[in-house]
Amino acid sequence: MTEESKEVKSLNFLEEIIETDLREGKNGGRVLTRFPPEPNGYLHLGHAKSICLNFGLAKQYNGQTNLRFDDTNPVTEETEYVDSIKADINWLGFQWASERYASDYFPQLFQFAKKLIQAGLAYVDDSSAEEIAAQKGTPTEPGTESPYRNRSVEENLDLFERMKAGEFPDGSRVLRAKVDMASPNMHMRDPLLYRIKHAHHHRTGDEWCIYPMYDFAHGQSDSIEEITHSICTLEFIPHRPLYDWLIEKLEIFPSHQYEFARLNLTYTVMSKRKLLKLVNEGHVSGWDDPRMPTLSGVRRRGYTPEAIRDFCERIGVAKRDNLIDIGYLEFFVREHLNKIAARVMVVLDPDPIKVVITNYPEGQTESLSIENNPENPEDGSRLVPFSREILVERDDFMENPPKKFFRLAPGNLVRLKGAYIIRCDEVVKDADGKVTELRCSYVPESKSGEDTSGLKVQGTIHWVNAADAVPVEVRLYDRLFKVEDLSEAEGDFQDYLNPDSLSVVQAFAEPAVASIKGPYQFLRKGYFSLDTDSTDQKLVFNRTVGLKDSWAKDQKKK
RNA sequence: UGACCGAUGGUGUAAUGGUAACACAGGAGAUUUUGGUUCUCUUAUUCAGGGUUCGAAUCCUUGUCGGUCAACCA
């Protein structure tokens, strides 16, 4: 045994629970988790945490994970969502053992309900929604019993069958568990088990007009599938006594529920309800708008599954509320993209400055070989055209530069990335004093890779050959909201939307962009991805995340 | 004025009665044909009071603060 050579890795509380169960031989050493989305919206980064946990834990302990759609509310659920959810999970890199639907269990659930009725533990209640709400009492006051609470088993059975048969209109009756109206736990005050909804279900069609509530579907589905560890978020803690009560009374497989703190990120919202609202009110272009924290959104933006998985692993899991800096996620995105992104030069400026290299022969063009990724030489190199006239960003020139400005300025030497060292000799302006052209001279023996000039320059800038510059559209994204903590913000969350979360800029790219597939690093600018809006006529790029920019940070401080 | 859950650097997460650590962020420097990357160094932490103990972030107790729960949603 190499026990002592093993690194002591600390366990999170879920790993501890599982290891204890395994040690005690619970469930015969079997670990089966489930990921249980409701198909009423797109998956977001909060779900990513849950997916990584459920699938990750199972994998870690030689177990498996079921994908189960919690489709018990036909009015909000759609097949479109089912498809997107499956695509997102696969994209994240996980495979489920079995694809299940709570709706598959409707017949079984109906039998469970009858069993409860027969045991005198459930009853049909004719009270209205308002009356039931009033009966529930408040967190500080006990509830009162429904006048229908003590119907006979026979009457309950008859009524429940007739509910199923469609004899009653929506809202006229419900099936309730008979637990304890005085319980300090609101969820134990005779919770609703079934309600009448004459609605078309995305899978069962019009077969049913009564549908089980979450509390009578989720735990029972877990049990039917013999899920060993049912992992959910903190707000379900008060449901756990009911979860256990139903399993005990039904005498079915004892799945167990464990709760962790959901993911919250700065400058964004993470609830399907709010995200739906952003989509419906047109604040974003859709569920996959690159500013959205949905998986389809961040995918389109250029985040990688690897980065998201690393992030989820690194943030850990615990039971205390948290608000994680969105910058932490961005760190993992940069870390991964730095290793794989193809470097290209793009002048990110609709109004670039033309640089004329006065001592370079007119009409001559040469091809320079530039590495695609200095982090990974195996990625090879590409050819980049260079000639007498090139384009550079206006930000890379200053007529009266501050100390430590290493870019173009009158008399300054800079290296053109992958090309030559140039000196700015003359600034040409128009009648308004706007700089229209820089006249520079190049040092022929400073060619990249074969530099014999002996010159040392402090700055290197990117550029594109004027004659070959490809006009492209680049979409720059900023945080979706103006405030860090939306949970602290008063009023409507839409009031805090950042009006500058999207800016579109026309830019000029080196010709190679058209033939290289992303992800890209636009040199000195950031990581970018090709957007799905691209056409043969026009390439559209999304800024995934910017590069760290210590120069800009320093400037800001001043 | 109930029940339940929680409280460790700026943000997350460890330390499971025995030297409070790791990542990010912040700061300083080195390297660099990306003001990127990489490397080195560095600032900063146990909610409060009481108790148990040789020894407490950890156990007990009281309090404080934060969160959750009163959908025919999940």
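Order of the sequence lines fixes the chain letters, A, B, ..., with proteins taken first and strands second; residue numbering starts at 1 for each chain.
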J.: Is A/E510 salt-bridged to A/K417, cutoff N-O under 4.0 Å?
T.: no
J.: Students often get this wrong, so: under 4.0 angstrom with heavy atoms, is A/S550 touching a base, only sugar-phosphate, or nothing?
T.: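 Touches sugar-phosphate only.
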J.: Applying the side-chain hydrogen bond (donor to acceptor under 3.5 Å, both in side chains) test to A/D190, which of A/R149, A/R176, A/K178 qualifies?
T.: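 Testing each of A/R149, A/R176, A/K178 against A/D190, the sole residue satisfying side-chain hydrogen bond (donor to acceptor under 3.5 Å, both in side chains) is A/R149.
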J.: Quick one: label A/V317 by what it contacts on the DNA or RNA (base, sugar-phosphate, nothing), any heavy atom closer than 4.0 Å.
T.: sugar-phosphate
J.: Looking at every strand, decide which applies to A/Y328 at a 4.0 Å heavy-atom threshold: base, sugar-phosphate, or nothing.
T.: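 A/Y328: base contact, heavy atoms under 4.0 Å.
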J.: Mark yes or no for whether A/T204, through its side chain, and A/H201, through its backbone, hold a donor-acceptor pair below 3.5 Å.
T.: no
J.: Among B/C69, B/A74, B/A14, which is the nearest nucleotide to the side chain of A/N12?
T.: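 Per side-chain heavy atoms of A/N12, the pick is B/A14.
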J.: Determine whether A/N376 and A/D379 satisfy the following criterion, side-chain hydrogen bond (donor to acceptor under 3.5 Å, both in side chains), listing intermediate values before the conclusion.
T.: CA-CA 6 Å; A/N376 188 12; A/D379 286 352; 3.2 Å; yes
J.: Heavy atoms under 4.0 Å, any strand shown: does A/P37 hit a base, just sugar-phosphate, or nothing?
T.: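 Nothing: the residue A/P37, judged by heavy atoms under 4.0 Å, touches no strand.
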J.: Hey, does A/Y211 reach any base, or is it just sugar-phosphate, or nothing, if we go heavy atoms under 4.0 Å?
T.: nothing
J.: Could you tell me whether A/E306 and A/K339 make a salt bridge, using a distance below 4.0 angstrom between a side-chain N and a carboxylate O?
T.: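 No, A/E306 and A/K339 are not salt-bridged.
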J.: Which of these nucleotides, B/G12, B/G6, B/G2, is closest to any side-chain atom of A/N322?
T.: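 From the listed options, B/G12 comes nearest.
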J.: State whether A/T72 places a side-chain N or O below 4.0 Å from either non-bridging phosphate oxygen (OP1 or OP2) of B/A74.
T.: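 True: A/T72 side-chain N/O within range (under 4.0 Å) of B/A74 OP1/OP2.
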J.: Whole angstroms only, please: what is the CG-C1' distance between A/L329 and B/A23?
T.: 14 Å
J.: To the side chain of A/L547, which of B/G12, B/U34, B/A3 is closest?
T.: B/U34
J.: Under 6.0 Å from the ring centre and within 45 degrees of the ring axis: does the NZ or CZ of A/K274 meet both conditions for the six-membered ring of A/F493?
T.: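 Satisfied, under 6.0 Å and within 45°.
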J.: Nearest whole Å is fine: how far is B/G2 C1' from A/K136 NZ?
T.: 17 Å
J.: Can you tell me how far C1' of B/U13 sits from CG of A/L11, to the nearest Å?
T.: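 Between C1' of B/U13 and CG of A/L11: 14 Å.
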J.: Are the side chain of A/N372 and the backbone of A/A342 linked by a donor-acceptor contact shorter than 3.5 Å?
T.: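 Side chain of A/N372 to backbone of A/A342, a donor-acceptor pair under 3.5 Å: no, none is there.
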J.: Closest to the A/N73 side chain: B/C73, B/C72, B/A23?
T.: B/C73
J.: Looking across every strand, which nucleic acid part, if any, lies under 4.0 Å from A/I237 by heavy atom: base, sugar-phosphate, or nothing?
T.: sugar-phosphate
J.: Could you work out the separation of B/G49 and B/U40 based on their C1' atoms and round it to a whole Å?
T.: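 B/G49 and B/U40 have their C1' atoms separated by 44 Å.
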J.: Ignoring backbone atoms, establish whether A/R524 has a side-chain N or O less than 4.0 Å from OP1 or OP2 of B/G35.
T.: yes
J.: Please determine whether any donor N or O and acceptor N or O are separated by less than 3.5 Å between the side chain of A/T460 and the base of B/U34.
T.: no
J.: Taking only side-chain N and O atoms of A/S10, does any of them lie within less than 4.0 angstrom of OP1 or OP2 on B/U13?
T.: no
J.: Phosphate oxygens OP1/OP2 of B/G26: is one of them under 4.0 Å from a side-chain N or O of A/K553?
T.: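 Yes, because at least one side-chain N or O of A/K553 sits under 4.0 Å from OP1 or OP2 of B/G26.
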J.: Tell me whether the side-chain N or O atoms of A/R343 pair up with the base of B/U34 as donor and acceptor below 3.5 Å, since no angle test is needed here.
T.: yes
J.: Check this for me: does the side-chain of A/Q521 come within 3.5 Å of the base of B/U34 through a donor and an acceptor?
T.: yes
J.: With a 4.0 Å cut-off on heavy atoms, is A/F260 in touch with a base, just the backbone sugar-phosphate, or nothing at all?
T.: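 It contacts nothing in the nucleic acid.
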J.: Thinking salt bridges, do A/D126 and A/R173 make one under a 4.0 Å N-O criterion?
T.: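 Yes, A/D126 and A/R173 are salt-bridged.
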J.: When you measure from the side chain of A/D325, which nucleotide among B/A74, B/C72, B/U11 comes out closest?
T.: B/U11
J.: Output the rounded distance in Å from CZ (A/F331) to P (B/G26).
T.: 12 Å
J.: Can you tell me how far C1' in B/U45 sits from the matching atom in B/G10, rounded to whole Å?
T.: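 It works out to 11 Å between them.
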J.: With C1' as the reference atom in both, quote the distance from B/U42 to B/U61 in angstrom, rounded to an integer.
T.: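 41 Å, rounded to whole Å.
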J.: Using the C1' atoms only, state how far B/G6 lies from B/U43, rounded to an integer number of Å.
T.: 29 Å
J.: Touch check for A/K548, heavy atoms < 4.0 angstrom, all strands: base, sugar-phosphate only, or nothing?
T.: sugar-phosphate
J.: Check the geometry between A/W551 and B/G35 and answer yes if their rings are stacked (centres below 5.5 Å, planes below 30°), otherwise no.
T.: yes
J.: Give one of base, sugar-phosphate or nothing for A/L416, where a contact means two heavy atoms less than 4.0 Å apart.
T.: nothing
J.: Using 4.0 Å as the upper bound for N to carboxylate O, is an ion pair formed by A/D451 and A/R415?
T.: yes
J.: Note every stem involving RNA chain B: at least three consecutive Watson-Crick or G-U wobble pairs, i with j then i+1 with j-1, with both distances under 3.5 Å.
T.: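 Consecutive-pair runs (3 or more) involving RNA chain B: B:2-7 with B:64-69, B:10-13 with B:21-24, B:26-30 with B:38-42, B:47-51 with B:59-63.
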J.: Apply the side-chain hydrogen bond (donor to acceptor under 3.5 Å, both in side chains) test between A/E225 and each candidate in A/R34, A/R68, A/Q220; give the one that qualifies.
T.: A/R68
J.: From the options B/A74, B/C69, B/G6, select the nucleotide whose nearest atom is closest to the side chain of A/P139.
T.: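 That would be B/C69.
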J.: Without decimals, in angstroms, what is the distance between A/R262 CZ and B/G67 P?
T.: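 Atom CZ in A/R262 sits about 15 Å away from atom P in B/G67.
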J.: Drop me the distance from A/I231's CD1 to A/F35's CZ, to the nearest 0.5 angstrom.
T.: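 So the gap between those two atoms works out to 12.0 Å.
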J.: Over all strands shown, is A/G449 touching base, sugar-phosphate only, or nothing at heavy-atom distances under 4.0 angstrom?
T.: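 Base contact.
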J.: May I have the distance from A/M186 (atom CE) to B/C72 (atom P), rounded to whole angstrom?
T.: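 Atom CE in A/M186 sits about 11 Å away from atom P in B/C72.
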J.: Less than 3.5 Å between a donor and an acceptor, one on the side chain of A/H239 and one on the base of B/A74, is that the case here?
T.: yes
J.: Of the candidate nucleotides B/A74, B/C72, B/A14, which contains the atom at the shortest distance from the side chain of A/F236?
T.: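 So the side chain of A/F236 is nearest to B/A74.
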J.: What nucleotide among B/U34, B/G35, B/C72 has an atom nearest to a side-chain atom of A/D549?
T.: B/G35
J.: For a quick test of reading the model: is some side-chain N or O of A/R195 closer than 4.0 Å to OP1 or OP2 of B/A74?
T.: yes
J.: Looking across every strand, which nucleic acid part, if any, lies under 4.0 Å from A/S127 by heavy atom: base, sugar-phosphate, or nothing?
T.: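 Touches a base.
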J.: Answer with base, sugar-phosphate or nothing: what part of the nucleic acid does A/K404 contact at a heavy-atom distance below 4.0 Å?
T.: base
J.: Send over the distance from A/D190 CG to B/C69 P, rounded to a whole Å.
T.: 21 Å
J.: Establish, with yes or no, whether the OP1 or OP2 oxygen of B/U13 is under 4.0 angstrom from a side-chain nitrogen or oxygen of A/K49.
T.: no
J.: Is any N or O donor-acceptor pair between the side chain of A/R334 and the base of B/G36 shorter than 3.5 Å?
T.: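 Under the 3.5 Å cut-off, the side chain and the base do not form any donor-acceptor pair.
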J.: Just call it for A/E375: base, sugar-phosphate, or nothing, with non-hydrogen atoms closer than 4.0 Å on any strand.
T.: base
J.: If you measure from the Lys or Arg side-chain nitrogens to the Asp or Glu carboxylate oxygens, is any gap between A/E235 and A/R262 under 4.0 Å?
T.: yes
J.: Using whole Å, what does the distance between atom P of nucleotide B/U34 and atom CZ of A/R382 come to?
T.: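 After rounding, the reported distance stands at 13 Å.
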J.: Quick check: on RNA chain B, is the nucleotide nearest A/A318 upstream (toward 5') of the one nearest A/P212, or the reverse? Name the residue that is more 5'.
T.: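 It is A/A318 whose nearest nucleotide is closer to the 5' end.
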J.: For A/G143, which contact category applies under a 4.0 Å heavy-atom criterion: base, sugar-phosphate, or nothing?
T.: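 Nothing, no nucleic acid heavy atom in range.
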J.: Where the side chain of A/A133 is defined as all heavy atoms beyond and including C-beta, which of B/A71, B/U1, B/G12 is the nearest nucleotide?
T.: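 Nearest to the side-chain atoms of A/A133, counting from C-beta on, is B/A71.
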